[in-house]
Amino acid sequence: METFQEHYDSLLEAIAKYTPNVDMERINRAVEYADKKHSNQKRKDGSPYIIHPLAVAQIVVESGLDTDSILGALLHDCIEDTDTNHDDISRLFGPTVADLVEGVTKLTRVEYSSLEEQQMENLRKMFMAMSKDIRVILIKIADRLHNTRTMQYQTPAKQISKSMETMDIYAPLAHRLGMQRIKWEMEDTSLMYLDPNGYKELMGYLDAHHSESEEFVQAIQDNISERLAEAGIHGSISGRVKHVYSIYRKMKSQNKSIDELYDLYAFRIIVDTIPDCYNVLGHIHDLYNIVPGRFKDYISTPKPNMYQSLHTTVIGRQGIPFEVQIRTWEMHETAEYGIAAHWKYKEGIAGRGDEKEFEWVRRLLENQQEVDAEDYIHSLKVDMFDDEVFVFTPKGKVISLPSGSTPIDFAYAIHSAIGNTMVGAKINNRIAPYDQRLKNGDICEVITSKSARGPSRDWLKVCKSNQARIKIKQWFKKERRDENIMHGKASFEGELRHMSIQPSVLWQDEELIALLLKRNSFDCLDDLFAAIGYGGLSSIKAVNRIRDDLVHANRTAKETAAREAAKEAARDSSGAPKDRHKDSGIIVDGVDSCMIKFSRCCTPVPGDDIVGFITKGNGVSIHRRDCVNVRSMADPQNAGRWVNVEWSGDSEKLFSTSLEVRTLDRTNMLLDLATVLSTSKVHVSEIVGKNLPDGKVLFTVTFEVNNVKGLESVLYRVRCISGVLDVQRGQQ
């Protein structure tokens, strides 16, 4: 079992090696204080709890951080796991250290409706602290790294959940902070628990080929060293097999075995100056054959995490491709330690959160505003994913975007006002569609107009970056509330019908409505529909949060209807009078009792001239006399199956009917059509549009009315819409 003294001695050795100028008196006081506060606590392996803060502090020291960071690491669990509070730490170690500890501390005393919500609130709090002092996340990453190293003591379920969280959030965070060594270790260790068989197979292959890999690496190193010595260039050369998760991810994404992978080896050349970097690049391309399209210059165009290096992939005489990275010593420090490396080169950076390198932290804070918790967790994977594309503005400014981004993402990355007034885009001085994917080195120009009507909802399906998606949703939320409510309600009711539940089951149950609002955290239905309409909440999630209650209510409604039907049938068989026309609204000539069915081909409504057709097994089918199917069935052999029918005149039920609307293909035609239907106060069940060969659009609208008078009113209003060419009753 590990002991306190072993870890304390290891910490002192790391301090002497990496940060010899720290305040040892304060550090020793913090060690004593943490040891005392955690004295009654044990780790999962039975060791004293203080070993964990000591190990986290050592990782912080190895990253080259300052005294306050080390103190924050030593005390990082005191507020969460002991009776210590912010004021205690502030009084003993200073307000800066107290703020660091508070920033790392989880929100453990607050109740949340879901695991995703709790996770989002913890991250939100951490990012807010990061925006004030980036060292918060450096300590948190060190904390997670040590927990990852000791994962073997957790339960299998905990191993999987923690490893997934590490892969989804903390490894990408380490990447965005430029801490590559920590990122690699987190990924490799997490993979060991997430896919133990795949990890074991991959490690077995690497172990089996270890000797030949060593020979290959040594041969390449000797060859490059000899060339640089001849050229008089001083540099350090090292080679390695790429880390396990990197190989694993390539195998999965490319669907290849490890033998089929393109480049398993990476060589690093570190030189004194930037001119030496480009000089070395020339020698490498002279020594080996270049793989086209695999050269990247991150020196002239650094990554957002400050990473700088030249990357090229070449093929040696053995026919084996390998990657070569060329950088200076300062670039190497940044590549290894990222943001943390700046403590070695900059004075006074501690506590500053306003530097350009931290802009992405504020973007993460902006993007979480009023976003569904599960969507926010997912968006982090996009915002921090390590595949990026670098695009230039016409003035030469570099914009970093997620791979697969479009001009829409580019516009919103510049400013939300640019995106909201965007009417077109040029890529490399040529007009380009909104959905064209941007490539490294593209020059993108956004065309704007003061008369622009704002973003389209379709942009949400096109854009890649969460930043663009959030800003588009915010625009719709602010500018189009009434439209959002209409769209949101239609989407919500559509989801109910997808579950085979009529919306009336919900709307007639006030308790169920109250439960719906409570589970989705809204005060009224309009707010809920508006959120669905602008994309802040999906209708699927809103319905799923009361799915079991809806299913129960629907089952109860069906059972009630069945009982009422049985009672009605019993009253009829006993000889009691029954109005057979009340429910259907139809009187059938010469037939005492029969089943009535309204045809879907012509959708008759009260007031239409109708006729009945006796079907086989489905009673009398009611058609309009001008229905095409009436004419097609008017042959002698069917003469005896036609019966006279008429409307009873006292029905209050709604009848489904449809219109076919042929229109010009113009912007917002669907919105105008939906608005007219809404103001007509008819219940619309479906609007389907399709493009016609002549460049027009045909909308088929299905809705419910009481009679033909109400239908004609809708017909008149639809015909008045600008761009409507023709409106006809539906015929199938």
Side-chain angles (χ1 to χ4, degrees), residues 180-181 183-184 187-188 191 195 197-271 276-299 303 307-327 331-332 335 386-389 403 439-441:
Q180 297 305 315
R181 288 201 310 171
K183 169 184 176 277
W184 293 340
E187 289 175 338
D188 288 354
L191 177 63
D195 187 358
N197 292 332
Y199 179 86
K200 185 177 180 181
E201 181 181 342
L202 194 50
M203 289 300 296
Y205 178 93
L206 295 177
D207 289 341
H209 294 79
H210 177 73
S211 59
E212 59 189 80
S213 295
E214 287 280 308
E215 291 176 8
F216 174 77
V217 167
Q218 190 60 51
I220 297 296
Q221 285 182 191
D222 291 344
N223 197 14
I224 295 175
S225 296
E226 184 179 340
R227 170 58 73 96
L228 296 188
E230 291 174 0
I233 300 174
H234 174 263
S236 170
I237 305 163
S238 61
R240 60 177 174 83
V241 176
K242 291 188 174 180
H243 74 107
V244 176
Y245 179 69
S246 174
I247 299 172
Y248 177 89
R249 192 176 69 179
K250 284 187 177 182
M251 289 170 60
K252 294 296 183 182
S253 63
Q254 300 176 18
N255 195 26
K256 293 180 178 179
S257 67
I258 190 170
D259 293 313
E260 298 173 306
L261 284 186
Y262 199 58
D263 52 337
L264 291 178
Y265 301 96
F267 292 84
R268 182 181 301 134
I269 304 173
I270 308 174
V271 293
D276 283 344
C277 292
Y278 290 97
N279 196 358
V280 169
L281 178 67
H283 287 289
I284 296 298
H285 285 175
D286 184 47
L287 277 172
Y288 305 104
N289 294 322
I290 306 169
V291 176
R294 296 297 296 268
F295 169 66
K296 296 177 182 177
D297 186 347
Y298 294 121
I299 292 180
K303 289 189 176 185
Y307 177 87
Q308 287 183 284
S309 191
L310 297 177
H311 286 201
T312 186
T313 300
V314 295
I315 300 178
R317 294 185 182 88
Q318 301 94 325
I320 301 174
F322 56 91
E323 185 180 55
V324 180
Q325 302 167 0
I326 309 165
R327 62 182 71 140
M331 292 174 192
H332 177 64
D386 57 358
D387 288 339
E388 297 153 336
V389 60
S403 179
K439 302 188 295 295
N440 275 321

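All figures in this text were calculated on a predicted structure; none of them were measured in a lab. If you read the sequence from its start, that first residue is 1, and numbering goes on from there.
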Between Tyr265 and Phe216, how do the two ring planes meet: parallel, tilted or perpendicular, split at 30° and 60°?
-> tilted

Between the CD1 atom in Ile290 and the NE2 atom in His285, the distance rounded to the nearest 0.5 Å is 4.5 Å

### Query
Is any side-chain heavy atom of Met331 closer than 4.5 Å to a side-chain heavy atom of Ile299?
yes

Nearest heavy-atom approach of Arg327 to Gln308 is CB-O, 4.0 Å

Distance col, row Ile233:CD1 vs His283:NE2, nearest 0.5 angstrom, shows 4.0 Å

### Task
Find out whether Tyr288 and Thr312 are in side-chain contact, i.e. whether some heavy atom of one side chain is under 4.5 Å from a heavy atom of the other.
no

query = Below 4.5 Å, heavy atoms only, C-beta onward: do Glu323 and His311 meet side chain to side chain?
reply = yes

(request) Would you mind reporting whether Lys242 and Arg240 have side-chain heavy atoms less than 4.5 Å apart? (result) yes

- [ ] Might you work through the side-chain contact (heavy atoms from CB on, under 4.5 Å) test for Met251 and Ile247, ending with a clear yes or no?
- [x] CA-CA 6 Å; Met251 289 170 60; Ile247 299 172; 4.0 Å; yes

Q. Is any side-chain N of the basic residue among Glu187 and Arg249 closer than 4.0 Å to the acidic one's carboxylate O?
A. no

| message | Would you say that Val217 contacts Phe322 through its side chain, given a criterion of any heavy-atom pair below 4.5 Å between the two side chains? | response | no

So NE2 of His209 and CD of Glu214: to nearest 0.5 Å the spacing works out to 14.0 Å

Here the pair of heavy atoms bringing Val271 nearest to Gly235 is CG1-CA, 4.2 Å

Output for pair (Tyr248 OH, Asp188 CG), nearest 0.5 Å, gives 12.0 Å

- Query: Distance only, no hydrogens: is a donor on one side chain within 3.5 Å (strictly under) of an acceptor on the other, for Asp222 and Gln218?
  - Reply: yes

Rounded to the nearest 0.5 angstrom, the CD1-CD1 distance for Ile269 and Ile284 is 4.0 Å

Original post:
Heavy-atom distance under 4.5 Å between the side chains of Val280 and Leu310, does that happen here?
Top reply: no

CD1 (Ile326) and OG (Ser309) are apart, to the nearest 0.5 Å, by 7.5 Å

